[in-house]
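Since the structure is predicted, the reported quantities are computational estimates derived from the model, not experimental observations.
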Amino acid sequence: KSADYYFQRKFYDKALAVYKKILKVNPDDARSYECSAKIIEVNGNFNEAANNFKSAALKYHHDGNNEKAIALYLEAVKLAPFDQRLKLELIDLYIKLGNTGKAIDLYLDFADNFIAKGDFAGARTILENILKLDSENITALKQLANVAEKLGDKEQTLAARQKILS
């Protein structure tokens, strides 16, 4: 309660110290991770804040509060947009919860990032994962055809283009 008292009154340093003590005693306290993340974000340490949001998300997911888990994963990804591991964990959570549409959207963004960096092999892996979830996804098929062509894989290029036309 003292941590919440300090947090609500914006005595962030004191609140953070108390939340850290709580987490030493009870490392499964999702709310303390979440509040710590908010304070750490305000202090400008975005990577550490993202890690705390992720820890809170994992705890909430374990407790069955999946909406809260997703919201906190999204906060973590927002703070650490280049952390591929975080994005993949969020994608996995969406898949586990049966929300393949959201998973595919994130995968497509992920593939775009690989393509922009010129990592066509990485993009192909991501696009193939999308097609495992939705073998008829036209966007993924088009991108896969282009990526396969850049990699010199004529067979995969042709197969993807035929699938688009069928």
Side-chain angles (χ1 to χ4, degrees), residues 1-117 119 121-137 139-140 143-144 147:
K1 290 187 177 189
S2 64
D4 293 338
Y5 173 84
Y6 292 133
F7 184 78
Q8 291 169 353
R9 283 156 184 77
K10 299 183 181 178
F11 298 127
Y12 294 132
D13 290 339
K14 288 182 179 183
L16 184 59
V18 175
Y19 287 127
K20 285 182 177 183
K21 286 179 184 176
I22 292 169
L23 289 169
K24 282 185 181 178
V25 175
N26 183 7
D28 292 328
D29 186 349
R31 190 169 179 288
S32 290
Y33 278 113
E34 180 183 359
C35 291
S36 295
K38 290 176 183 178
I39 294 168
I40 293 165
E41 178 183 5
V42 167
N43 290 337
N45 189 341
F46 300 127
N47 286 332
E48 185 180 350
N51 286 332
N52 277 299
F53 277 126
K54 174 191 164 187
S55 295
L58 290 170
K59 304 298 180 193
Y60 281 119
H61 173 61
H62 179 73
D63 294 342
N65 190 343
N66 294 318
E67 284 184 35
K68 185 76 165 181
I70 286 172
L72 294 176
Y73 258 116
L74 289 170
E75 284 297 315
V77 168
K78 182 178 77 176
L79 293 174
F82 301 108
D83 188 334
Q84 296 175 2
R85 178 184 38 86
L86 269 176
K87 287 180 184 177
L88 288 173
E89 289 174 12
L90 178 56
I91 289 167
D92 286 342
L93 182 57
Y94 277 133
I95 291 168
K96 285 178 190 172
L97 298 174
N99 194 338
T100 55
K102 291 279 190 182
I104 288 170
D105 289 344
L106 277 173
Y107 264 142
L108 287 169
D109 286 343
F110 212 13
D112 288 340
N113 291 339
F114 276 87
I115 292 167
K117 292 189 302 186
D119 183 353
R124 175 170 37 194
T125 300
I126 298 297
L127 294 165
E128 288 171 344
N129 285 338
I130 292 170
L131 294 170
K132 287 177 188 172
L133 295 172
D134 177 6
S135 63
E136 305 294 318
N137 188 293
T139 303
Q143 285 185 336
L144 182 60
V147 164

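Taking both residues in full, the closest heavy atoms of Ala49 and Ile40 are given as N-CG2, 3.5 Å, listed atom of the first, atom of the second, then distance. Nearest heavy-atom pair across Asp134 and Ile104 is CB-CD1, 3.7 Å. In plain terms, the two heavy atoms of Ile22 and Ser32 that are nearest each other are CG2-OG, 3.4 Å. Across every non-hydrogen atom of Asn47 and Ala80, the tightest pair is OD1-CB, 4.0 Å. Between Leu127 and Ala111, the shortest heavy-atom contact is CD2-CB, 3.8 Å. Summarising the geometry of Leu72 relative to Ala57, their closest heavy-atom pair is CB-CB, 3.9 Å, with the distance given to 0.1 Å.
Applying the side chain to side chain contact (heavy atoms under 4.5 Å, CB included) test between Ile95 and each of Asn99, Leu97, Ile91 identifies Ile91 as the sole match. Applying the side chain to side chain contact (heavy atoms under 4.5 Å, CB included) test between Tyr94 and each of Thr100, Asn66, Ile70 identifies Ile70 as the sole match.
Under the 4.5 Å side-chain criterion, counting only non-hydrogen atoms from C-beta, Asn51 is not in contact with Phe46. Side-chain contact check for Leu16 versus Phe7: every heavy-atom pair is 4.5 Å or farther apart. You'll find the side chain of Ile130 stays beyond 4.5 Å of the side chain of Gln143, heavy atoms only. Put simply, the side chain of Phe53 reaches to within 4.5 Å of the side chain of Lys38, judged on heavy atoms. The shortest distance between side-chain heavy atoms of Lys102 and Leu106 does not fall below 4.5 Å.
Atom CG of Leu58 is separated from atom CG of Asp63 by 11.0 Å, given to the nearest 0.5 angstrom. In this structure, the separation between OH on Tyr33 and NZ on Lys20 is 11.5 Å, given to the nearest 0.5 Å. The line from NZ of Lys59 to NZ of Lys54 is 10.5 Å long, rounded to the nearest 0.5 Å. Here the CG-OH distance, from Leu133 to Tyr107, works out to 6.0 Å after rounding to the nearest 0.5 Å. Taken from CG in Asn113 to CG in Leu108, the straight-line distance is 11.0 Å, to the nearest 0.5 Å. Summarising the geometry, atom CG belonging to Asn45 is positioned 4.5 Å from atom CD belonging to Glu48; distances are rounded to the nearest 0.5 Å.
Other residues, nucleotides and ligands contribute at most 12 non-hydrogen atoms within 6.0 Å of the NZ atom of Lys10. Within 6.0 Å of CZ on Phe11 lie no more than 12 heavy atoms contributed by other residues, nucleotides or ligands.
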* To do: Test side chain to side chain donor-acceptor pair (under 3.5 Å) on Glu41 and Asn52 and set out the steps.
  => CA-CA 10 Å; Glu41 178 183 5; Asn52 277 299; over 6 Å; no
* Worked verdict on Arg31 versus Glu34 for salt bridge (charged side-chain N to carboxylate O under 4.0 Å, His left out) -> CA-CA 5 Å; Arg31 190 169 179 288; Glu34 180 183 359; over 6 Å; no
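Side chain of Lys87 to main chain of Pro81: a donor-acceptor pair is present (N/O by atom type, distance under 3.5 Å, no hydrogens or angles).
In this structure, a donor-acceptor pair under 3.5 Å is present between the side chains of Tyr19 and Asp4.
Arg85 has a carboxylate O that lies under 4.0 Å from a charged side-chain N of Asp83, or vice versa, which qualifies the two as a salt bridge.
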